[in-house]
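Notes to accompany the following structure.
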Protein chains: 2
Amino acid sequence: MTQTEQAYHHLLEAIVKGDILPGTRLREADLSRELGLGRGPLRDALHRLESRKMVNKVPHVGAQVVDFNPVEMIEIYELRERLEGMACELAAERMSDDDLAALGELLTTHRQFVEKHSGEAYIQQDTDLDFHFHIIQGAGNSWLTQLLCDELYHRVRMYRYQSAHQKARPERAMKEHTQIFEALSNRDGELAAMLMRRHIATARENLIRYIANTQ
Amino acid sequence: MTQTEQAYHHLLEAIVKGDILPGTRLREADLSRELGLGRGPLRDALHRLESRKMVNKVPHVGAQVVDFNPVEMIEIYELRERLEGMACELAAERMSDDDLAALGELLTTHRQFVEKHSGEAYIQQDTDLDFHFHIIQGAGNSWLTQLLCDELYHRVRMYRYQSAHQKARPERAMKEHTQIFEALSNRDGELAAMLMRRHIATARENLIRYIANTQ
DNA sequence: CTTAGGCTAATTGTTAACAATATAGATTGA
DNA sequence: TCAATCTATATTGTTAACAATTAGCCTAAG
């Protein structure tokens, strides 16, 4: 694995998890010293982060970790609504029975987790994404997968870490996931898509409410 | 404008227009000499092209211009269908009257062009994209705009240049554009979205037919 | 006291030399 | 003759020094 990739993944996770705070100026000299590499590979990593919109870069000025932006966040959720709805349509047609079975097991595991650690939101984060990723993969459209997983989801994860104190609703999400899974099992793409869109629309409404409360 | 950006735009256009053929190996030393810059900025440009999926890069091996891939092309059209449908829904709500008027003028200009140069497909290319871009902008979702214009459309343009000999159907496209415009003018987002999805679905079917014929 | 101008320091953009890696051809052995 | 290994070369990955640009500060004039 090349140093550029290492630096990219390291910085990406640090930004997503909030170890590097939004708005932080990223100085190439400092960072390269901290990460123990030259400025060349680091610059490559910063460019990649820029094209993923995780940092803002201004020529001759520098790079800065993106700040939380309510407008963009809502834009991203508008996109997720359509794209993951599309993923459901395609997944209902294209997922293999084995894939569906795996998704079912995932759901069972999650349900046990939710029942055991009821209310611990931070665990819900990853399990929730697992479910979504599995369906996205199942759609069998590599461009759709990249758009969602490589372009949009980093921001979604970043937002979730920032608003981690916010009460999640694992039981409700669990129920909605189960409904989506059943629709997929019945190969009813139209229904699965509708449920997924509604599922994400609910999340978007929570997001809007959260934004309104924090301002 | 920094050298990286210059190189990026130069190479992107060259690839899109077919001046650099698909499958061409891009050697850093050669290219930097031709473009008259160092390898550093050139590498940055290649990285950007890679993240836009216009070149494939393998560590320690090099970069190669993407080859025409029917499967990916269909994936992209599947995405366009949904995303531009979405753009229509949003544009019907959010476009200003001035924007709509401008779109109408665009359409008039195009109609005159089509009537004058009936059948000259290569002119149709850009004017067609103008129409689509205008609506995408009108949706007022910066992430949607970036996804479509920066990630997907380069490939679409590349494909169009490659299949330029294929007979376009300017009159039909013109008619469909007009219908979409009218729906937008009536602020009927649902209808506009449906027409747009169908418009792109038609293009996708042509694409599939074209692929079948060339194999 | 305010503002315009220039100067200094810090930071990014760029280049060229060096190190590491992979490919292709030659060589040797079975 | 074929296969496997080794070696040489070409190419990429990395580093460190150099050039260009920006932002902040200080000075001085109005």
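So you know, we letter chains A, B, ... as the sequences are listed, proteins then strands, and number each from 1.
- Across all strands, Leu42(A) comes closer than 4.0 Å to no nucleic acid atom at all (heavy-atom distances).
- Using a 4.0 Å heavy-atom cutoff across all strands shown, Gly40(B) reaches at least one base atom of the nucleic acid.
- The side chain of Val61(B) lies closest to dA22(C) when the candidates are dG13(C), dA22(C), dA23(D).
- For the pair His134(A) (side chain) and Asp99(A) (backbone), a donor-acceptor distance under 3.5 Å is present.
- Leu37(A) places its CG atom 18 Å from the P atom of dA19(C), with the value rounded to the nearest Å.
- Atom C1' of nucleotide dT23(C) and atom CD of Gln64(B) are separated by 14 Å, given to the nearest angstrom.
- In this structure, His132(A) and Leu148(A) have side chains that are not in contact, with every pair of non-hydrogen atoms separated by 4.5 Å or more.
- Rounding to whole angstrom units, CZ of residue Arg43(B) and P of dG13(C) are separated by 16 Å.
- Both Arg27(B) and Pro41(A) lie near DNA chain D, and the one whose nearest nucleotide falls closer to the 5' end is Arg27(B).
- Between the His10(B) side chain and the Gln6(B) main chain, no donor and acceptor come within less than 3.5 Å of each other.
- Look at Lys57(B) and you won't find any side-chain N or O under 4.0 angstrom from OP1 or OP2 of dT11(D).
- Checking dA23(D), dG13(C), dT14(D) against the side-chain heavy atoms of Thr2(A) singles out dT14(D) as nearest.
- At whole-Å resolution of the value, CG in Leu31(A) and P in dT11(C) are 12 Å apart.
- The side chain of Arg39(A) approaches dA17(D) more closely than any other nucleotide in the set dA17(D), dT15(D), dG13(D).
- Atom CD of Gln3(B) and atom P of dA19(D) are 15 Å apart (whole Å).
- For Thr4(A) and dT14(D), the shortest distance from a side-chain N or O to OP1 or OP2 is below 4.0 Å.
- Counting only distance, with no hydrogens or angles, the side chain of Glu75(B) and the backbone of Ser142(A) share a donor-acceptor pair below 3.5 Å.
- Map Gly36(A) and Ala29(B) each onto its nearest nucleotide of DNA chain D; the residue landing nearer the 5' end is Ala29(B).
- What separates CG of Asp44(A) from P of dG13(C) is a distance of 12 Å, to the nearest Å.
- What separates CG of Asp30(B) from C1' of dA10(D) is a distance of 11 Å, to the nearest Å.
- In this structure, Arg204(B) is not positioned above the aromatic face of Tyr77(B) in the sense of NZ or CZ being under 6.0 Å from the six-membered ring centre and within 45° of the axis.
- Distance, Leu26(A) CG to dA10(C) C1': 16 Å, rounded to whole Å.
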